[in-house]
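See structure below.
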Amino acid sequence: MRASRSCAGLSFKSQALYAVVYITRYLDLLWGNYSSLYNTLMKLFFIGSSLSIVYLMKVKFKPTHDPNIDTFKIEYLLSGSFIMSLIFTYKYTIPEILWSFSIWLESVAILPQLFMLQRTGEAESLTTHYLFALGAYRALYIPNWIYRWLAEGHVDPIAIVAGIIQTVLYSDFFYIYYTKVMKGKKFELPQ
């Protein structure tokens with residue numbers, strides 16, 4: 001964004017949802033849940049970087065963002081994630097409900113971006129690589145879940161179900177990315 005001096009092609013709504021995801025997930029920093037310096041720094045990095053993206057999109061590069069294309073109704077995602085966090089949580093405490101909310105919201109936070117791609121029918125190379133990286137990051141959780149199950153006997157059904165939902169949402173994008181971008185073509189949705 002800084003190099004191109006533009007946020008064209010990015011969904012502000014998706015970026016704002018990711019900021020909400022990281023803030024609600026890592027709010028435990030306020031409750032003194034310290035596990036390591038690395039963990040604390042990574043939590044601060046995720047919160048800080050997501051808020052800086054939101055700032056850049058809303059203030060510095062606002063003229064390059066087209067709100068007429070970024071029209072997904074995020075109220076449904078926020079309310080649905082909140083309801084899911086109340087139904088599917090491990091404990092009815094504020095930190096646990098916030099964690100559960102962040103997991104459910106992260107699983108659908110990419111929808112405004114995908115909806116925007118669908119409306120425009122194409123995307124810049126940088127945007128498609130960014131989306132691929134986001135999807136790959138989430139898809140790499142699957143081997144992590146398998147490792148934790150085999151090595152530690154730990155299974156987290158909420159994270160697994162939400163992760164599968166998110167990976168399924170990305171699957172169509174991954175297919176088009178592979179068939180177009182990886183073969184040197186421009187990312188365009190089929191007509």
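Bear in mind that the values here come from a model prediction, so they are computed numbers and not experimental data.
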(request) Kindly say whether F88 contributes a backbone atom to a donor-acceptor pair with the side chain of S100 at under 3.5 angstrom? (result)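 Yes; at least one donor-acceptor contact below 3.5 Å.
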(message) Main chain of N68, side chain of R119: is a donor-acceptor contact present, judged purely on distance under 3.5 Å?
(response)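 Present.
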Heavy atoms, side chains only, cut-off 4.5 Å: are [X] and [Y] in contact?
X	Y	value
P112	L77	yes
C7	L56	no
L117	L114	yes
L134	Q113	no
T89	W99	no
L105	T24	no

Calculate, to the nearest 0.5 Å, the distance between atoms [atom1] and [atom2] belonging to [X] and [Y] respectively.
X	Y	atom1	atom2	result
L10	M57	CG	CE	5.0 Å
L29	I23	CG	CD1	11.5 Å
L169	S107	CG	OG	7.0 Å
L27	L98	CG	CG	6.0 Å
I74	S79	CD1	OG	10.5 Å
H65	S11	NE2	OG	6.0 Å

(message) Tell me every residue that passes ring-ring contact (aromatic ring centres under 6.0 Å, His included) with Y92, counting only those two or more places apart in sequence or in another chain.
(response)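 For Y92, no residue satisfies ring-ring contact (aromatic ring centres under 6.0 Å, His included) once neighbours in sequence are set aside.
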(message) For F101, give me all partners under ring-ring contact (aromatic ring centres under 6.0 Å, His included), at least two apart in sequence or on another chain.
(response)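 F101 satisfies ring-ring contact (aromatic ring centres under 6.0 Å, His included) with no other residue.
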(message) In this structure, would Y76 and I87 fall into the same cluster of hydrophobic residues linked by side-chain contacts under 4.5 Å?
(response)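 Different clusters: Y76 never reaches I87 through Ile, Leu, Val, Met, Phe, Trp or Tyr contacts under 4.5 Å.
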(request) Quick one: which residue pairs count as a salt bridge (Lys or Arg N to Asp or Glu O under 4.0 Å) with a foot in residues 155-170, not counting sequence neighbours? (result)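 Applying salt bridge (Lys or Arg N to Asp or Glu O under 4.0 Å) to every pair that reaches into residues 155-170, excluding sequence neighbours, yields nothing.
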(request) Among residues two or more places apart or on two chains, list those pairs meeting salt bridge (Lys or Arg N to Asp or Glu O under 4.0 Å) that have a residue in residues 96-113. (result)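 Salt bridge (Lys or Arg N to Asp or Glu O under 4.0 Å) check on residues 96-113 returns R25-E106, E106-R138.
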Hey, can you pull the donor-acceptor pairs under 3.5 Å for the side chains in residues 43-55, sequence neighbours left out?
unit_1, atom_1, unit_2, atom_2, d
K43, NZ, D28, OD1, 3.2
K43, NZ, D28, OD2, 2.9
K43, NZ, N39, OD1, 3.3
S49, OG, F45, O, 2.8
S49, OG, F46, O, 3.4
S50, OG, F46, O, 3.0
S50, OG, I47, O, 3.0
S52, OG, G48, O, 3.4
S52, OG, S49, O, 2.8

Identify, with sequence neighbours excluded, every residue that meets side-chain contact (heavy atoms from CB on, under 4.5 Å) alongside [X].
X	result
L150	I146
P157	Y90, V155
L140	none

(message) Could you list the cluster mates of M116? Members are the ILVMFWY residues connected by side-chain heavy atoms closer than 4.5 Å, either directly or through other members.
(response)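 In the cluster with M116 are I69.
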(message) Taking transitive links into account, so neighbours of neighbours count too, which hydrophobic residues share a cluster with Y147 at under 4.5 Å side-chain distance?
(response)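 The other cluster members (ILVMFWY side chains, heavy atoms under 4.5 Å, direct or chained): none.
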(message) So, using salt bridge (charged side-chain N to carboxylate O under 4.0 Å, His left out) as the criterion, who are the partners of E75 when residues are at least two apart?
(response)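 None.
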(request) Write down the atom of I103, the atom of A162, and the distance for their closest heavy-atom approach. (result)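 Result for this residue pair: CG2-CB, 3.5 Å.
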(message) Can you classify the ring geometry of Y22 versus Y26 as parallel (below 30°), tilted (30 to 60°) or perpendicular (above 60°)?
(response)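 Rings of Y22 and Y26: parallel, under 30°.
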(request) Could you list all the ring pair (Phe, Tyr, Trp, His ring centres under 6.0 Å) pairs where at least one residue sits in residues 109-133, not counting sequence neighbours? (result)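 Found F72-F115, H129-Y177, F132-F174, F132-Y177.
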(message) Please determine whether the number of non-hydrogen atoms from other residues, nucleotides or ligands lying under 6.0 Å from atom OH of Y137 exceeds 12.
(response)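 Atom OH in Y137 is packed in, count exceeds 12.
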